[in-house]
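For clarity, every value in this text was computed on a predicted model and none was experimentally measured.
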Amino acid sequence: MTALLSVWWVWIAIAIGLAIVEVLAPGFIFVGFAIGAVAVGLLLAFTPAGITLPVLLLIYATLSLIAWLLLRHFFKGPKGQVKHFDRDIND
């Protein structure tokens, strides 16, 4: 399993899986993890081998947290207000 997580396309596959889960359970929870997995996959694709698994997991956790915080900042509603809809989209 350790050698498998050192391959770039595995991280891209994980990202695609997390993006599918985000579509099924929306709320910007899994998309930050998917962005982190894509970033680690690209990092592995364009850097020489030799990054250990603990370092990869640390990079993944850090990038996922940063992506989640940025998404939360850009897609949050107005402060102190609750978003409500007055009419149906099908009207």
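Within the 4.5 Å cutoff, side-chain heavy atoms of Ile35 are placed close to those of Leu71. The shortest distance between side-chain heavy atoms of Val7 and Leu44 does not fall below 4.5 Å.
Separating the CG atom in Leu63 from the CG atom in Leu43 is a distance of 8.0 Å, to the nearest 0.5 Å.
In the hydrophobic clustering of ILVMFWY residues, with side-chain heavy atoms under 4.5 Å counting as a link, Ile12 and Leu53 come out together. Taking hydrophobic clusters as Ile, Leu, Val, Met, Phe, Trp and Tyr residues chained together by side-chain heavy-atom distances below 4.5 Å, Val38 does not share a cluster with Leu65. Residues Leu56 and Leu58 do not share a hydrophobic cluster, clusters being chains of Ile/Leu/Val/Met/Phe/Trp/Tyr side chains in contact below 4.5 Å. If you chain together hydrophobic residues whose side chains sit under 4.5 Å apart, Val23 and Val21 never meet in one group.
In this structure, Ala19 and Ala34 approach most closely via the heavy-atom pair N-CB, 4.1 Å. Across every non-hydrogen atom of Gly36 and Ser64, the tightest pair is CA-OG, 3.6 Å.
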Check your understanding: Going through the checks in order, is the side-chain contact (heavy atoms from CB on, under 4.5 Å) test met by Phe33 and Trp68?
Key -> CA-CA 7 Å; Phe33 296 117; Trp68 185 79; 6.0 Å; no
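Separation of the Trp11 and Tyr60 ring centroids falls under the 6.0 Å cut-off.
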